[in-house]
Number of protein chains: 2
Amino acid sequence: MSTTGRKLRADAERSIRTIMEAAERVLSENPGATMEQIAEAAGVSRTTIHRRFASREALIDIMTVAAWKEIAEAVDAARPATAPPQVAMYQATANVLRVKSGWRFALTGQGPLSGEQARAEAARIEADTIGKCDVVIRRAQQEGVIRPDADPLWVRRVYLALLTEAAHGAYSGHAGAPGEAAPAETDADIDELATRVMDTLLRGLGPGS
Amino acid sequence: MSTTGRKLRADAERSIRTIMEAAERVLSENPGATMEQIAEAAGVSRTTIHRRFASREALIDIMTVAAWKEIAEAVDAARPATAPPQVAMYQATANVLRVKSGWRFALTGQGPLSGEQARAEAARIEADTIGKCDVVIRRAQQEGVIRPDADPLWVRRVYLALLTEAAHGAYSGHAGAPGEAAPAETDADIDELATRVMDTLLRGLGPGS
DNA sequence: AATATCTGCAACATCAATGTTGCAGATAGA
DNA sequence: TCTATCTGCAACATTGATGTTGCAGATATT
């Protein structure tokens, strides 16, 4: 029923995690999926979900906020305002990739606009993070890492699109069959992906010159 | 009710177009939108939609197939198998951009998998088109337009992502408020966009060297 | 002008998903 | 072991969306 309660028992906490993970898998595949389907994927009964989350909306809201918080952490950890732009961008890319592959659905923002306050908080964190992203880009441009005549907005959108591509399609380019568990990425995989993203962003896919 | 019927009166045909256009706008904004909302956006009553389309599924199916047919035409018109790769890619980019901005929803494939046959046809056309896309990429790679060591799959995904970005965000980078009619793109706009896409794809956003 | 077709409206049937409740059995934590 | 908490199950109420039908008025087509 409620979201705000006193301390939960250990197995209840575990249920919550399980449910959110299952919801992620199922909803990323089909954003209109049923609570029933989510429950089945989580291996719990539908009523249990309703016991832990006030509503479908609330579930999605909580997932969205949690996801954005993780993303924000990942970006902050890269010191976007102080580290050398190139370093910060690479670090942020790697960090975000690690997080993003686990939140394929929650970060797409296609959960039909839900509860007032949760939505507001998610939007705030998102805007904040985008802002930090823009800061790095501006600094990168000032230092000549990014072409000075490039439209910063286009840069950001290309960068985010590349991030999404890299996070979605699995490193091998294998799309992953429905329901199939995504293989956990190793550090090496992440680094390769991040390198690929930065390389593509900065040098493109044409010949060196 | 039915999809297959005899000749329709002129205003009925117009209704169908109007409905599909409205559905595009509304569904691209919210994939879970109601028939009621679509009807309102189209300026017709809900029953009229049901008279012209057997079901919500059918509506989406028909839109999807129509959209992919247009995309296929746009790609074919660029002679992807015979024209010089660079020319073909530019041409295809421009053509697709022109089409894609009008089919923001139908091409995302997030219409919950619908009718057997329609879905199959859409999938066929899509696969076909992707195949042609791959052909150009391979040719471009052979002629040195694209780095020979680049993963063709990654190239394709980056290219498609850039296409989506360019088609979505309006040329000025202005996202467009909900419900706001997208301004029609002029030829100059399209060419600028296509140039930007190709330039970013091949040279990236870093400094020349 | 005559006719066939289209449309809105109002009413209806259906159905699927959401969210609730009570209870009995299982499980964590002391 | 004892107790509070968690869970599944079954049953229920509610709601919102879909799809249907008949009819009367408007519109296209000839």
Side-chain angles (χ1 to χ4, degrees), chain A residues 1-23 26-27 29-64 105 110-116 118, chain B residues 1-23 26-27 29-64 105 110-116 118:
Chain A
M1 286 210 189
S2 65
T3 297
T4 62
R6 72 198 168 306
K7 228 182 293 181
L8 294 174
R9 228 169 68 178
D11 51 351
E13 298 272 19
R14 209 183 322 150
S15 280
I16 293 183
R17 284 190 162 256
T18 308
I19 291 169
M20 287 205 280
E21 286 166 13
V26 175
L27 290 175
E29 185 88 18
N30 168 18
T34 301
M35 297 295 262
E36 189 73 48
Q37 296 174 271
I38 297 175
E40 188 185 347
V44 302
S45 82
R46 191 173 61 89
T47 40
T48 296
I49 300 188
H50 280 112
R51 234 181 247 115
R52 297 298 159 215
F53 300 90
S55 67
R56 188 195 149 92
E57 250 189 7
L59 169 60
I60 293 179
D61 282 351
I62 290 173
M63 283 172 38
T64 304
F105 164 76
Q110 54 190 6
L113 313 93
S114 20
E116 281 299 317
Chain B
M1 288 206 189
S2 64
T3 297
T4 61
R6 72 200 168 308
K7 227 182 294 183
L8 294 174
R9 227 169 67 176
D11 51 352
E13 298 273 18
R14 210 184 321 151
S15 280
I16 293 183
R17 284 191 163 256
T18 307
I19 291 168
M20 287 204 281
E21 285 165 15
V26 175
L27 290 174
E29 186 88 18
N30 168 19
T34 300
M35 297 295 264
E36 190 73 47
Q37 297 174 272
I38 297 174
E40 188 184 348
V44 301
S45 82
R46 191 173 62 90
T47 39
T48 297
I49 300 189
H50 280 111
R51 234 181 245 114
R52 297 299 158 213
F53 300 90
S55 68
R56 189 195 148 92
E57 250 190 7
L59 169 60
I60 293 179
D61 282 351
I62 291 174
M63 282 171 40
T64 304
F105 163 78
Q110 54 190 8
L113 313 94
S114 21
E116 279 300 316

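In what follows, every chain begins at residue 1, and chains take the letters A, B, ... in the order their sequences are listed.
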Atom [atom1] of [X] and atom [atom2] of [N]: how far apart are they, to the nearest Å?
X: B/K7; N: C/dT5; atom1: NZ; atom2: P; value: 12 Å
X: B/R52; N: D/dG19; atom1: CZ; atom2: P; value: 16 Å
X: A/H50; N: D/dC6; atom1: NE2; atom2: C1'; value: 17 Å
X: B/L8; N: D/dT29; atom1: CG; atom2: P; value: 11 Å
X: A/N30; N: C/dA16; atom1: CG; atom2: P; value: 16 Å
X: B/L59; N: D/dA17; atom1: CG; atom2: P; value: 16 Å
X: B/E13; N: D/dT29; atom1: CD; atom2: P; value: 10 Å
X: A/I16; N: D/dC6; atom1: CD1; atom2: P; value: 9 Å

Between B/D11 and B/R14, is a side-chain contact (heavy atoms from CB on, under 4.5 Å) present by the stated rule, with each step listed? CA-CA 5 Å; B/D11 51 352; B/R14 210 184 321 151; 4.2 Å; yes
Need to verify one output field. Residue with the more 5' nearest nucleotide on DNA chain D, B/R14 or B/Q37?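 Result: B/Q37.
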Between B/D11 and B/A33, name the one whose nearest nucleotide on DNA chain D is closer to the 5' end.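 Residue closer to the 5' terminus by nearest nucleotide: B/A33.
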Indicate the atoms forming the closest heavy-atom contact of A/A23 with A/M63, along with that distance.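 Shortest heavy-atom contact: CB-SD, 3.6 Å.
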For the student: nearest non-hydrogen atoms of B/A41 and B/V26, plus distance: CB-CG2, 3.4 Å
[Y] and [X], any side-chain heavy atoms less than 4.5 Å apart:
X: B/L8; Y: B/R52; answer: yes
X: A/F53; Y: A/I16; answer: yes
X: B/S45; Y: B/T48; answer: yes
X: A/L59; Y: A/M20; answer: yes

With respect to the side chain of [X], which nucleotide from [options] is positioned closest?
X: B/V44; options: C/dC6, D/dA28, C/dG8; value: C/dG8
X: B/R56; options: C/dC6, D/dG19, C/dT18; value: D/dG19
X: A/T48; options: C/dA28, D/dG8, D/dA28; value: D/dG8

From [X] [atom1] over to [Y] [atom2], what is the distance, rounded to the nearest 0.5 angstrom?
X: A/M35; Y: A/S55; atom1: CE; atom2: OG; answer: 7.0 Å
X: B/T18; Y: B/I49; atom1: OG1; atom2: CD1; answer: 10.5 Å
X: A/L27; Y: A/Q37; atom1: CG; atom2: CD; answer: 9.0 Å

Could you pull out the protein-nucleic contacts involving nucleotides 14-16 of chain D (nitrogen or oxygen on both sides, under 3.5 Å)?
none

Below 4.0 angstrom from OP1 or OP2 of D/dA28, is there any side-chain N or O of B/R9? no
Have a look at the helix from C/dA1-D/dT30 to C/dA30-D/dT1 and give the angle its two end axes make, five pairs each, rounded to 10 degrees. 50°
Tabulate atom names and distances for all N/O pairs under 3.5 angstrom spanning the protein and nucleotides 9-14 of chain C.
none

Using heavy-atom distances to pick each residue's nearest nucleotide on DNA chain C, tell me which of A/M35 and B/S15 is more 5'.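 Result of the comparison: B/S15.
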